[in-house]
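First the proteins, then the strands, lettered A, B, ... as listed; each starts at 1. Not measured: the values here are computed from a predicted model.
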Amino acid sequence: MIPTSNYLMLSAVLFTIGVIGVLTRRNIVIILMSIELILNAVNINLVVFSRQLGSVAGQVFAIFIITDAAAEVVVGLGILIALFRNRETVNADEIDLLKW
Amino acid sequence: MLLTQALFYFFAVLAVVSAILVITRRNAVHSAIFLIQALLAIAGIFLQLQAEFLAAVQVILYVGGIMVLFLFVIMLVNLDIAVRQVQFNRQWLLAIVTALVVAAEVGYGLYRGKEAFQFPAASPDILQPNAQRVGLALFQNYMLPFEIASILLLVAMIGAVVMAKRRL
């Protein structure tokens, strides 16, 4: 049996890659994909602790997180389409109307 | 035992490499394809952790639903100009250093506290039959969160229609 800490390490690495993607990329579509990576890293944590504790609650919460991810992507991409129609850009750092 | 380890490292390396490719590709379609690969590798890890139902949900919902939505939006939004632009913003160096510091902190903690996770694991067949256990937990103990999630999906659906509609 693979020790739990290996899964946690994998989860931490995926989370870090996701955070780097969110913080460094300009394209909003790829920022949303990085958020998906972060949510999947959390899911790995939940499922491995579900195995460790012998309780199915972690898997149930992982299903809720997948639901949340679906809702977030739907609204985010809707906003992206509305934004592209008005501003003709998909770069996050060009949308700075509220920046002083 | 050896097969279990080999499968774990295969899926882990596949997921990490695909994730790195997701955030470095210039073309958003390539990023989406590599994200599909990473999600499938994570589904393999779920399968290895005896979460069969969750692996199936991951493949059907993420790869079949969310990623198709991503690809549709990439085709709707014209990304030909974005491919030729600078891909990283000005704070990229600071961002990478900060994220790596956080990762090193978490990794050091996990490495030092490895013994903390060594409490006796539950017997592996306690989660079987998996779909039945998950379904019972969803409809008995977690009924209220389940209903709230359905309302969340309804709100997201209405929100997406309102956002994407040209004129209400």
Side-chain angles (χ1 to χ4, degrees), chain A residues 1-10 12-14 16-21 23-27 29-30 32-34 36-37 40 43-44 47-48 50-54 56-57 59-60 62-64 66-75 77-82 84-85 90-93, chain B residues 4-5 8 12 15-16 19-20 22-23 28 31-32 35 38-39 42 45-46 49-51 54 57 61-62 65-66 69-70 73-74 76-77 79 82 85-89 92 95-96 99 102-103 106-107 110 114 117 121-122 126-127 133-134 137-138 142 145 149 152-153 156 159-160 163-164:
Chain A
M1 200 156 111
I2 317 280
T4 304
S5 53
N6 287 18
Y7 289 100
L8 298 182
M9 284 282 191
L10 169 66
V13 170
L14 283 178
T16 310
I17 295 172
V19 169
I20 291 175
L23 290 179
T24 61
R25 290 304 294 253
R26 294 175 77 211
N27 195 330
V29 178
I30 295 176
L32 282 171
M33 289 185 201
S34 307
E36 298 301 309
L37 277 178
N40 269 284
N43 274 351
I44 293 178
V47 175
V48 74
S50 149
R51 181 195 69 166
Q52 173 100 39
L53 300 173
V56 87
Q59 297 182 20
V60 173
I63 289 175
F64 286 140
I66 292 178
T67 314
D68 275 3
E72 170 243 319
V73 161
V74 166
V75 176
L77 292 177
I79 291 173
L80 176 62
I81 289 178
F84 187 74
R85 197 176 291 142
V90 288
N91 290 331
D93 52 357
Chain B
T4 323
Q5 286 195 340
F8 169 72
V16 170
I20 291 173
V22 168
I23 64 163
S31 287
L35 184 57
L39 293 174
I42 291 169
I45 283 176
F46 287 164
L49 285 168
Q50 298 176 327
L54 205 55
V57 167
L61 226 157
Y62 255 115
I66 297 179
L69 193 65
F70 262 112
V73 169
I74 290 171
L76 280 179
V77 177
L79 288 176
Q85 286 172 336
V86 181
Q87 295 294 311
F88 297 95
N89 56 22
W92 65 273
I96 287 176
V102 173
V106 173
L110 284 177
K114 224 188 315 187
F117 301 112
I126 200 164
L127 296 173
R133 289 285 168 86
V134 173
L138 262 181
Y142 299 98
L152 176 78
L153 284 176
M163 283 291 173

**Asked** Relative to chain B, which segment of A/Val74 carries a heavy atom at a distance below 4.5 Å: side chain, backbone, both, or neither?
**Response** both
**Item:** Part of A/Ala57 lying under 4.5 Å from any heavy atom of chain B
**Value:** both
**Fill in**
Bottom line for A/Ile44: the part with an atom under 4.5 Å from chain B's heavy atoms is both
**Prompt:** Given a strict heavy-atom distance threshold of 4.5 Å, which part of A/Arg26 is in contact with chain B: side chain, backbone, both, or neither?
**Reply:** both
**Prompt:** Quick one: what part of A/Thr4 sits under 4.5 Å from any heavy atom of chain B, side chain, backbone, both or neither?
**Reply:** side chain
**Message:** With a 3.5 Å distance limit and no angle check, can you tell me whether A/Arg51 reaches the backbone of B/Gln50 through a side-chain donor-acceptor pair?
**Reply:** no
**Asked** In terms of heavy-atom proximity below 4.5 Å to chain B, should A/Leu14 be classed as side chain, backbone, both, or neither?
**Response** side chain
**Item:** Evaluation steps, side-chain contact (heavy atoms from CB on, under 4.5 Å), between A/Leu10 and B/Ile45
**Value:** CA-CA 10 Å; A/Leu10 169 66; B/Ile45 283 176; 3.2 Å; yes
**Item:** Segment of B/Val73 engaging chain A (4.5 angstrom heavy-atom cut-off)
**Value:** side chain
**Prompt:** Pick from B/Ser31, B/Ala160, B/Ala103: which one has the most heavy-atom pairs with chain A under 4.5 Å?
**Reply:** B/Ser31
**Request:** Sort B/Ile20 into side chain, backbone, both or neither according to what part of it lies under 4.5 angstrom from a heavy atom of chain A.
**Result:** both
**Message:** Using a 4.5 angstrom heavy-atom cutoff, name the option from B/Val77, B/Val106, B/Ile74 with the most pairs to chain A.
**Reply:** B/Val77
**Residue, of B/Leu69, B/Val102, B/Thr4, that accumulates the most heavy atom pairs under 4.5 Å with chain A** = B/Leu69
**Prompt:** Which bit of B/Phe88 comes within less than 4.5 Å of chain A, counting heavy atoms only: side chain, backbone, both or neither?
**Reply:** both
**Prompt:** Hey, which of A/Leu32, A/Val56, A/Leu77, A/Val73 has the most heavy atom pairs under 4.5 Å with chain B?
**Reply:** A/Leu77
**Message:** Would A/Val47 and B/Leu54 count as a side-chain contact (heavy atoms from CB on, under 4.5 Å) here? Give the steps.
**Reply:** CA-CA 9 Å; A/Val47 175; B/Leu54 205 55; 3.2 Å; yes
**Complete:** If one checks every heavy atom of A/Val90 against chain B at 4.5 Å, the contacting part turns out to be side chain
**Asked** Can you tell which of A/Thr16, A/Val60, A/Asn40, A/Thr67 has the highest number of heavy-atom pairs within less than 4.5 Å of chain B?
**Response** A/Asn40
